Amino acid sequence: MKDIFLFIFYWIGLLSCMAQHSSGSSIGDSDLQSVNRDSLANEIIGRVIKNKPQNDPDAILNTYSYNSYTKAIVSANSEAINGTVDSIFKRKRNRLKFKKIDSTNYIIKKQLEKSHLYIMEKVSNFAYSREKEKRETILGIHMAGFKKPIYEVLAIEMQSFSLYNKRIKVFGTDFTSPLGGRGKQTYLFNYEGVSEIQGRKNYIIRYTPKENKQDVGIPGVLYIDAETYAIQRNESKLDASVELQAIQEYTYFPTQNIWFPSANKIRVDKGTTDKTVTLFGKLRVATSEQMNDSSIMSTNQDDIKNHIYLVAQTSNFNINLNKPVTIERSGTAIELLKVASNRGEDFWKQYRTQEITAKEIETYKAVDSLTSARNYENKLSFIRKFMVGYITTSYIDFDYKSLLKFNRYEGFRLGMSAVTNSNFSHKYTIHAYGAYGTKDKDFKYGFGIERRLDRYDDTRIGITHKNDLEESGSLTFLTDGRAFYLFEPRLFNLTYFHKIKDVSTYLTHDFNPKLNSRFQLSYQDVTPTYQYSYANDGESYHNYQNSSITASIQWNPFNKYLQSDSGKTVIEKNYPQFSLQYSQAFKNVINSDLNYTKIALRAMHELRPLNKGVTSFQVVAGISFGDLPVTELYNASPNQPGGEAILNRFSVAGRNSFETMYFNEFLSDKYAIFQARHTFNRFNISSWLRPEFALISRFGIGSTAGMQKHHDIEFNSMEKGYSESGLEVNKLFKGFGLSFMYRYGAYHLPSFDDNISLKFTYYLTLGF
């Protein structure tokens with residue numbers, strides 16, 4: 001029983017017009033006899049596509065709202081389960097050795113006579129406005145075993161609301177829509193007859209992915225209104241290593257002459273084929289044979305997981321069309337009310353569209369009891385924090401990735417970093433860290449305190465102090481926040497640091513969920529760790545003070561967010577994304593030695609055609625003028641360590657760095673970098689060898705004024721344009737891979753070997 005619940009909780013953890021044109025006229029019965037059935041099916045689909053502007057609720061309606069009730073159950077047919085006690089053997093040296101007695105099947109079979117394996121209920125209100133998009137407000141949520149709902153589960157879109165878009169979603173995974181722009185290139189359509197729904201005649205059209213499109217299409221059946229050519233009902237089914245069945249029903253509203261989604265049902269079972277399927281957009285589900293350890297054998301060959309299924313049903317009610325709606329704080333896709341997880345039985349009786357059974361009530365009791373006894377909720381919370389770099393305790397989270405780092409200046413950097421969590425305070429956050437370098441034999445530290453003023457607008461004010469090292473010439477956007485890497489690739493190769501004593505105070509504020517900002521005042525004392533002096537106004541500086549103000553904004557226009565009492569959570573990351581930052585230093589303010597202006601811009605975009613990999617683009621540009629020592633110039637993110645032979649430079653490849661550019665080779669006060677990358681889908685060579693290939697090309701250009709001011713250091717300008725291209729073969733073994741890049745163009749070096757970068761890569765895979 002314990003193993004099955006762990007299996008379920010794993011999945012949860014991985015855990016969003018009456019006027020008609022002539023084309024709307026019905027096809028007569030005589031036409032059905034005289035037209036080829038395939039041609040007729042394509043003719044009907046053509047009319048459906050042509051009439052989308054009149055039938056798509058998002059296109060024809062100014063506003064709408066409705067309530068929905070969802071019930072999801074994980075269960076199994078107890079009669080199909082072999083309930084005998086199981087003896088487990090492990091094959092070793094061609095002999096079977098007894099390992100243990102497993103009574104899972106027996107216990108589960110008995111439990112299923114009284115309850116299901118899992119249950120979840122949700123009540124939401126949906127409101128749509130053309131000006132403010134769509135908002136789901138979760139009024140009530142009851143997830144068995146959890147006092148606090150799991151946001152990742154709430155964000156899963158089981159089935160698309162509209163089938164008129166170019167893509168449809170089933171169980172969190174995108175497929176090409178049969179009614180989208182590429183529908184006819186993806187599917188074959190067959191006419192199967194006529195029927196009636198709600199007294200209105202329809203055409204039944206079966207759609208099947210073409211032979212070369214089976215990875216991006218899903219087969220199904222459409223019921224098309226014979227007068228308006230709107231969807232009355234859709235049934236889709238995918239049979240792979242898991243079997244997906246999805247049904248969507250519509251209700252006709254005569255006043256608006258529109259069919260509106262009113263119910264949907266999705267069921268997931270074990271499939272009958274060997275085809276691997278992807279769920280939730282990322283999770284690969286293979287056959288049992290691919291996942292099982294062949295060295296383990298049992299007397300009971302009946303795997304309980306073969307019988308487990310999930311059923312999720314949603315009913316929409318209180319549907320209002322073209323009536324006023326109120327949507328506050330535009331930009332939030334889902335809002336979770338604070339009281340949603342504490343609703344009483346009276347609330348559920350009011351909103352349930354189907355009675356809850358005695359077996360379902362018993363499921364809540366059984367799961368709640370087991371979860372409490374096994375402490376699963378706290379364990380899941382621990383795992384979620386651990387996956388983003390923290391080891392959590394009652395009041396403090398420790399950043400384990402700060403325990404050990406390495407770079408060429410500090411050697412091994414031993415440290416400890418901690419931050420208070422919401423159990424300590426919902427308003428105040430205190431953080432601190434300390435680190436020691438084994439090579440430079442110096443101690444670094446930092447600390448700060450922050451107060452949250454408003455959770456909806458993420459308005460926070462804070463003050464920080466640090467005495468540490470920073471990479472000279474690096475560009476950091478203040479709105480980027482914390483990024484988690486198991487280890488930081490470029491950090492291994494860095495040598496050019498400057499010491500910095502910094503005191504900063506800041507204010508963060510979200511103008512809306514998609515546009516956030518940070519304003520910061522800083523005073524810094526800067527000392528390069530290398531021999532360098534900066535000549536300015538008749539004086540020469542090695543150490544200098546800097547007083548500055550920085551304004552940084554981040555705009556993610558297509559991201560989707562969930563708003564809860566804990567704050568804002570990204571539930572769907574989309575592109576393009578834009579960052580803009582302005583910095584101004586003031587001379588003679590608190591003994592500041594510098595006066596400069598810096599403006600930086602970053603734009604990122606991704607193209608994700610179905611089952612064809614990902615093409616990503618990134619543009620970074622910066623312009624600055626005034627008093628600019630090397631610490632304030634832009635270094636273009638080089639990542640090539642020194643060394644005469646290729647293998648002497650073998651190290652770790654970065655994410656967006658110039659792998660063939662040597663450190664401190666180029667510095668610019670004005671520059672622009674363009675990167676293009678195409679990552680192919682992973683190649684399934686075997687169950688354990690699934691490499692991922694990526695083609696990469698980078699180009700940079702820049703200039704530097706006042707070169708004569710920089711003494712005791714040599715560097716170039718990128719005014720002729722810097723180019724490199726290459727290949728990555730990632731995830732060869734346990735996330736490790738190889739990177740090969742070649743430098744060419746105006747800055748091609750005379751020695752062939754010096755233009756080559758060969759490094760290893762690491763991407764955390766988690767089986768995806």
Side-chain angles (χ1 to χ4, degrees), residues 9 13 145-152 336 338 341 371-372 374-406 410 412-438 442-456 458-470 476 478-488 491 500-508 516 518 520 562-570 764 766:
F9 281 107
F146 295 95
K147 296 177 182 178
K148 295 181 180 180
I150 301 173
Y151 300 149
E152 293 85 350
L336 176 65
K338 186 176 182 180
S341 56
T371 303
S372 177
R374 302 288 184 180
N375 202 21
Y376 283 152
E377 187 166 18
N378 287 338
K379 289 177 181 177
L380 181 59
S381 176
F382 180 90
I383 291 171
R384 293 171 69 193
K385 287 284 188 74
F386 186 84
M387 294 303 295
V388 294
Y390 288 109
I391 295 175
T392 186
T393 65
S394 297
Y395 300 104
I396 298 175
D397 294 341
F398 293 93
D399 186 351
Y400 65 78
K401 73 182 183 66
S402 67
L403 294 174
L404 179 63
K405 296 183 179 181
F406 178 84
E410 293 177 282
F412 288 100
R413 179 181 169 113
L414 311 176
M416 176 66 73
S417 176
V419 58
T420 58
N421 55 40
S422 58
N423 293 331
F424 173 83
S425 173
H426 285 281
K427 289 186 177 181
Y428 290 94
T429 301
I430 302 172
H431 61 88
Y433 75 89
Y436 179 79
T438 59
D442 196 11
F443 180 72
K444 300 92 181 174
Y445 62 89
F447 54 85
I449 185 170
E450 175 183 279
R451 188 188 192 284
R452 187 173 71 177
L453 304 177
D454 184 279
R455 65 185 176 91
Y456 285 104
D458 195 30
T459 304
R460 293 172 285 136
I461 188 169
I463 185 169
T464 64
H465 170 64
K466 68 177 180 180
N467 186 342
D468 206 340
L469 296 173
E470 284 189 359
T476 302
L478 298 181
T479 50
D480 280 353
R482 179 182 185 273
F484 169 67
Y485 299 107
L486 198 58
F487 59 80
E488 299 169 68
L491 191 59
I500 182 170
K501 298 178 182 178
D502 176 282
V503 178
S504 296
T505 182
Y506 62 88
L507 173 72
T508 71
N516 53 81
R518 176 165 172 150
Q520 181 166 298
L562 181 147
Q563 180 70 53
S564 69
D565 187 53
S566 301
K568 182 178 71 174
T569 303
V570 179
L764 188 63
L766 298 178

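On a predicted model such as this, the values are computed, not experimentally measured, just so you know.
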Distance-only polar pair, side chains of Asn421 and Tyr390, donor-acceptor under 3.5 Å | no
Flag the pair Tyr506 / Thr464 as yes when at least one side-chain heavy-atom distance between them is below 4.5 Å, and no otherwise.
-> yes
Could you give the distance from NZ (Lys148) to OG (Ser341), rounded to the nearest 0.5 Å?
-> 8.5 Å
Looking only at heavy atoms, which two atoms of Ile391 and Phe386 are closest? And how far apart?
-> CG1-CD1, 4.2 Å
Does any non-hydrogen side-chain atom of Asp399 lie less than 4.5 Å from one of Tyr433?
-> no
Say whether, by atom type as modelled, one donor and one acceptor occur between the side chain of Thr392 and the main chain of Lys385 under 3.5 angstrom.
-> no
Give the C-alpha distance, both sets of side-chain angles, the deciding distance and a yes or no for salt bridge (Lys or Arg N to Asp or Glu O under 4.0 Å) between Asp468 and Arg413.
-> CA-CA 12 Å; Asp468 206 340; Arg413 179 181 169 113; 3.0 Å; yes
Between CG on residue Leu491 and NZ on residue Lys405, distance to nearest 0.5 Å = 6.0 Å
For the residue pair Tyr428 and Thr420, what are the closest heavy atoms and their distance?
-> O-OG1, 4.0 Å
Quick one: does His465's side chain have a donor or acceptor within less than 3.5 Å of a partner on Ser504's backbone?
-> no
Within 6.0 angstrom of Phe443 CZ, more than 12 heavy atoms from elsewhere | yes
Run the salt-bridge test on Arg460 and Asp458 with the 4.0 Å N-O cut-off and return the result as yes or no.
-> yes
Show your reasoning for whether side chain to side chain contact (heavy atoms under 4.5 Å, CB included) applies to Leu414 and Leu404.
-> CA-CA 5 Å; Leu414 311 176; Leu404 179 63; 3.4 Å; yes
On a heavy-atom basis, the closest approach of Leu336 and Pro149 is CD2-CG, 3.7 Å
Interatomic spacing from CD1 in Ile500 to NZ in Lys444 - rounded to 0.5 Å = 14.0 Å
Please lay out, stage by stage, how Lys568 and Asn516 fare under the test side chain to side chain contact (heavy atoms under 4.5 Å, CB included).
-> CA-CA 11 Å; Lys568 182 178 71 174; Asn516 53 81; 4.1 Å; yes
Could you walk me through whether Asp442 and Tyr436 pass the side chain to side chain contact (heavy atoms under 4.5 Å, CB included) test, one step at a time?
-> CA-CA 6 Å; Asp442 196 11; Tyr436 179 79; 5.9 Å; no
Interatomic distance, CG@Asn467 vs OH@Tyr445, rounded to 0.5 Å, equals 4.5 Å
Correct closest heavy-atom pair for Arg455 and Arg452 would be CB-CZ, 3.5 Å
Report yes or no: does Thr459 contribute a side-chain atom to a donor-acceptor pair with the main-chain N or O of Leu453 at less than 3.5 Å?
-> no
Pairwise side-chain contact, Thr508 with Glu450, heavy-atom cut-off 4.5 Å (strictly under) = no
Exercise: identify the closest heavy-atom pair between Phe406 and Phe412 | CD1-N, 3.8 Å
Do you know the tightest heavy-atom contact between Ile449 and His431?
-> N-NE2, 4.4 Å
Check for a donor-acceptor pair, side chain of Ser564 on one end and backbone N or O of Lys338 on the other, with a separation under 3.5 Å.
-> no
